[in-house]
Trainee: 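Let me begin by handing over the structure; questions about it come next.
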Amino acid sequence: LYERVSPSVVYIIVSTNGSFGGGTGSGFVLDTEGHIVTNNHVVEDAEEILVRFVDDTTVEATLVGADPDSDLAVIEVDAPTDLLRPVELGDSGALRVGQRAIAVGNPFGFEQTMTTGIISALGRVVRQDSGFSLPQLIQTDAAINPGNSGGPLLDSQGRVIGVNTLIFSRSGGSAGVGFAVPVNTVKRVVPELVASGRYADPWLGISGLSVTPAVAEALSLTAEQGVLLQLVVPDGPADKASLRGSDRFESGGDIVLAIDGLSVRDMDDLIVHLAGTRVGQTVTLTILRDGERQDVQVILQERPVP
């Protein structure tokens, strides 16, 4: 598997004008036209991007497109065709906790490193500094360290199931809690980046509080699960659908109980469902307002720049 896949994994060196001067990361060859997938945070603010292949051939790359909200980016190189060996994409929707997970990348600059483990959990939601969240992440205990970002997470057949993206660690090194953007997100976002350089993320225009029995008791709510709308952004999709927010941690706002007929237990459920929608799509929110259930149609808009 390593001999077959490692030639598709590249070492990315980035130069910037920032205080740190740049950094390194990983990526993988998507097609024979020279497109390479990596993380947005690897190439963000790059002044120069260099790509080194397994045989040490180094070429300059250009940024084709990036989507900060999914932390994905596509760069392009003009390289000999024998170096452009595309990976095979798998199906992250078919994954199961406990199955083998294999990472290939360049941790701490140690090129072409393979680590193995299992899928520890599926459907993780991690909040970003922008305030928006990365949904449906794959959690793995395959060692992931700085420099692995943008490299592939593979199944036991060598198919890409995710893009290694971040770790949770107090030390800054691998603690067995790594996360990868699922490949089905790559399949949805990357073609748009290649075609137009950007991806339009759908946006509901709300912030909310996950309802628990304790929250329901404290705020005298009539539902013990769902999402209490706190802020409805003026002129956003929810506002145009006449949804009501509460006053910060007070009651009085609408409580979202379901979206498109699927139960919403907490904010993560809402985020995960919205990740699979498109701008301009109409979603149906089942809400609880003044003790009565009702359905509200909301037309999703493009998420604004944070």
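The analysis underlying the following values was restricted to heavy atoms, covering all of them including side chains, and did not include hydrogens, waters or symmetry mates.
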Trainee: Are the side chain of S8 and the backbone N or O of R85 linked by a donor-acceptor pair below 3.5 Å?
Mentor: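 Side chain of S8 to backbone of R85, a donor-acceptor pair under 3.5 Å: yes, one is there.
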Trainee: Heavy atoms, side chains only, cut-off 4.5 Å: are V87 and V29 in contact?
Mentor: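 No, their side chains stay 4.5 Å or more apart.
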Trainee: When rounded to the nearest 0.5 angstrom, what distance separates CG in L72 from OH in Y199?
Mentor: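 The distance works out to 10.5 Å.
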Trainee: Side chain of K187, backbone of L89: donor and acceptor closer than 3.5 Å?
Mentor: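 Here the side-chain-to-backbone pair does not exist.
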Trainee: Just how far is it from atom CD1 of I259 to atom CD1 of I287, taken to the nearest 0.5 Å?
Mentor: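 That separation rounds to 12.5 Å.
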Trainee: So, T58 side chain and D56 main chain: donor-acceptor pair closer than 3.5 Å or not?
Mentor: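 Checked: pair present.
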Trainee: Can you find a heavy atom in the side chain of I138 that is under 4.5 Å from one in the side chain of L95?
Mentor: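 Yes, close enough: below the 4.5 Å cut-off.
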Trainee: With rounding to the nearest 0.5 angstrom, report the CG to OG distance, N145 to S169.
Mentor: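 So the gap between those two atoms works out to 8.0 Å.
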Trainee: Considering residues, nucleotides and ligands other than Y2, do more than 12 of their heavy atoms fall under 6.0 Å from its OH?
Mentor: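 Count over threshold, so yes.
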Trainee: Show your working on side-chain contact (heavy atoms from CB on, under 4.5 Å) between L204 and L285 and close with a plain yes or no.
Mentor: CA-CA 11 Å; L204 193 56; L285 297 182; 4.3 Å; yes
Trainee: Does any donor atom in the side chain of S26 or N106 lie under 3.5 Å from an acceptor atom in the other side chain?
Mentor: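 Short answer, yes.
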Trainee: Has S92 got a side-chain atom pairing as donor or acceptor with N184's backbone, closer than 3.5 angstrom?
Mentor: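 Judged by distance alone, yes, a pair lies under 3.5 Å.
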Trainee: Quick one: does any side-chain atom of N39 pair with a main-chain N or O of D71 as donor and acceptor, under 3.5 Å?
Mentor: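 Flag set: sc N39 to bb D71 pair under 3.5 Å.
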Trainee: Between T16 and D45, is any side-chain donor less than 3.5 angstrom from a side-chain acceptor?
Mentor: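 Judged by distance alone, the side chains do not pair up.
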Trainee: Walk me through whether F28 and V160 qualify under side-chain contact (heavy atoms from CB on, under 4.5 Å).
Mentor: CA-CA 10 Å; F28 55 86; V160 176; 4.2 Å; yes
Trainee: Does G147 offer a backbone N or O that forms a donor-acceptor pair with the side chain of S149 under 3.5 Å?
Mentor: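 Checking the backbone N and O of G147 against the side chain of S149, no donor-acceptor pair under 3.5 Å is found.
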Trainee: May I ask you to decide if Q230's main-chain N or O and S207's side chain share a donor-acceptor pair within less than 3.5 Å?
Mentor: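 Checking the backbone N and O of Q230 against the side chain of S207, no donor-acceptor pair under 3.5 Å is found.
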Trainee: Looking at D55, I want to see if its CG is surrounded by more than 12 non-hydrogen atoms of other residues, nucleotides or ligands under 6.0 Å.
Mentor: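 Counting other residues, nucleotides and ligands, CG of D55 exceeds 12 neighbours.
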Trainee: Go through the side-chain N and O atoms of T282 and Q297 and say whether any donor and acceptor fall under 3.5 Å apart.
Mentor: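 Per modelled atom types, T282 and Q297 side chains form no pair under 3.5 Å.
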Trainee: Flag yes if L243 and M267 sit in one hydrophobic cluster, no otherwise; membership is Ile, Leu, Val, Met, Phe, Trp, Tyr, and two members link when side-chain heavy atoms are under 4.5 Å apart.
Mentor: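 Linked within one cluster.
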Trainee: Under 6.0 Å between ring centres, would you say that holds for F53 and Y11?
Mentor: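 Judged by ring-centre distance (under 6.0 Å), F53 and Y11 do not meet the cut-off.
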Trainee: Out of curiosity, does L166 fall in the hydrophobic cluster containing L153 (side-chain heavy atoms, cut-off under 4.5 Å, transitive links)?
Mentor: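 L153 and L166: separate clusters.
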Trainee: Of all heavy-atom pairs between R127 and S133, which one has the smallest distance, and what is that distance?
Mentor: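 R127 and S133 have their closest heavy atoms at CA-OG, 3.7 Å.
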Trainee: Should V97 and L122 count as side-chain neighbours, where that means a heavy-atom distance under 4.5 Å?
Mentor: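 Yes, side chains in contact.
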Trainee: Working to the nearest 0.5 angstrom, can you tell me the gap between L270 CG and L262 CG?
Mentor: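 CG of L262 is found 11.0 Å from CG of L270.
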Trainee: Is the side chain of D269 donor-acceptor paired with the backbone N or O of V272 at a distance under 3.5 Å, no angle test?
Mentor: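 Checking the backbone N and O of V272 against the side chain of D269, no donor-acceptor pair under 3.5 Å is found.
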Trainee: Decide, yes or no, whether a salt bridge links E111 with R52 under the criterion of side-chain N to carboxylate O below 4.0 Å.
Mentor: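 Answer for the salt bridge query: yes.
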Trainee: With a sphere of 6.0 Å drawn around CG of D295, does it hold more than 12 non-hydrogen atoms of other residues, nucleotides or ligands?
Mentor: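 Yes, because the 6.0 Å sphere around CG of D295 holds more than 12 heavy atoms from other groups.
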Trainee: Shortest non-hydrogen contact from P202 to L274?
Mentor: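 Scanning both residues completely, I find the closest heavy atoms to be CG-O, 3.3 Å.
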Trainee: Using every non-hydrogen atom in the two residues, find where S70 and V181 come nearest and quote the distance to one decimal.
Mentor: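 Looking at all heavy atoms of both residues, the closest pair is O-CG2, 3.6 Å.
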Trainee: Quick one, I119 and R96 - any side-chain contact, counting heavy atoms below 4.5 Å?
Mentor: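 The answer is no, as the side chains (C-beta and beyond) never meet within the 4.5 Å cut-off.
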Trainee: Under 4.5 Å between any side-chain heavy atoms of W203 and V233, yes or no?
Mentor: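 W203 vs V233: side chains touch.
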Trainee: Given side-chain contact (heavy atoms from CB on, under 4.5 Å), test L50 with I12 step by step and report yes or no.
Mentor: CA-CA 6 Å; L50 296 178; I12 298 176; over 6 Å; no
Trainee: What about V189 and I75, same hydrophobic cluster or not, with Ile/Leu/Val/Met/Phe/Trp/Tyr joined at side-chain heavy-atom distances under 4.5 Å?
Mentor: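 No, V189 does not connect to I75 through the hydrophobic network.
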Trainee: Taking atom CZ of R293 as the centre, report whether more than 12 heavy atoms of other residues, nucleotides or ligands fall under 6.0 Å from it.
Mentor: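 Counting neighbours around CZ of R293, 12 or fewer heavy atoms of other residues, nucleotides or ligands fall under 6.0 Å, so no.
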Trainee: Under a single-linkage definition using a 4.5 Å side-chain heavy-atom cutoff for Ile, Leu, Val, Met, Phe, Trp and Tyr, are V10 and V77 assigned to the same hydrophobic cluster?
Mentor: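 Yes, V10 connects to V77 through the hydrophobic network.
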Trainee: Within a strict 4.5 Å, meaning less than it, do heavy atoms of the V104 and L154 side chains meet?
Mentor: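 Contact flag for V104/L154 side chains = yes.
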Trainee: Indicate if L30 and V183 have the same hydrophobic cluster label, given that clusters are the connected sets of ILVMFWY residues with side-chain heavy-atom separations under 4.5 angstrom.
Mentor: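 Result: yes, single cluster for both.
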Trainee: The test is side-chain contact (heavy atoms from CB on, under 4.5 Å); show your working for L221 and V211 and say whether it passes.
Mentor: CA-CA 9 Å; L221 303 178; V211 176; 4.1 Å; yes
Trainee: With a 3.5 Å distance limit and no angle check, can you tell me whether S120 reaches the backbone of D141 through a side-chain donor-acceptor pair?
Mentor: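 Yes; at least one donor-acceptor contact below 3.5 Å.
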Trainee: Testing the 3.5 Å rule here: is there a donor-acceptor pair between the side chains of Q139 and R124?
Mentor: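 Present: a donor and an acceptor within the cut-off.
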Trainee: When rounded to the nearest 0.5 angstrom, what distance separates CD in E44 from OG1 in T38?
Mentor: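 E44 atom CD to T38 atom OG1 measures 12.0 Å (nearest 0.5 Å).
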Trainee: Salt bridge check, D69 against R303: does any charged N sit closer than 4.0 Å to a carboxylate O?
Mentor: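 Judged by the 4.0 Å cut-off on N to carboxylate O distance, R303 and D69 do form a salt bridge.
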Trainee: Could you tell me whether the side chain of R265 and the main chain of V227 form a donor-acceptor pair under 3.5 Å?
Mentor: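 Here the side-chain-to-backbone pair does not exist.
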Trainee: Please report the interatomic distance CD1(I255) to CG(L229), rounded to the nearest 0.5 Å.
Mentor: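 It is 8.5 Å, given to the nearest 0.5 Å.
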Trainee: When you compare the side chain of D201 with that of D67, does any pair of heavy atoms fall below 4.5 Å?
Mentor: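 When only atoms from C-beta onward are counted, D201 and D67 do touch, with a gap below 4.5 Å.
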Trainee: Is Q225 close to D266 at the side-chain level, that is, under 4.5 Å between some pair of heavy atoms?
Mentor: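 With C-beta onward as the side chain, the pair stays apart.
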Trainee: Could you tell me which non-hydrogen atom of Q112 sits nearest to which non-hydrogen atom of V9, and how far apart they are?
Mentor: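 Between these two residues, the closest heavy atoms are NE2-O, 2.8 Å.
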Trainee: Do other residues, nucleotides or ligands put more than 12 heavy atoms under 6.0 Å from I299 CD1?
Mentor: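 At most 12 heavy atoms, drawn from other residues, nucleotides or ligands, come within 6.0 Å of this atom.
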Trainee: Any idea which heavy atoms bring P135 and I271 closest together, and the distance?
Mentor: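 What the structure gives for the nearest pair is CB-CG2, 3.8 Å.
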Trainee: Which atom pair, heavy atoms only, marks the closest approach of D235 to K240?
Mentor: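 Taking every non-hydrogen atom into account, O-CE, 3.1 Å.
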Trainee: Check this for me, if you would: do R244 and D290 make a salt bridge, where the nitrogen-to-carboxylate-oxygen distance has to be below 4.0 angstrom?
Mentor: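 Judged by the 4.0 Å cut-off on N to carboxylate O distance, R244 and D290 do form a salt bridge.
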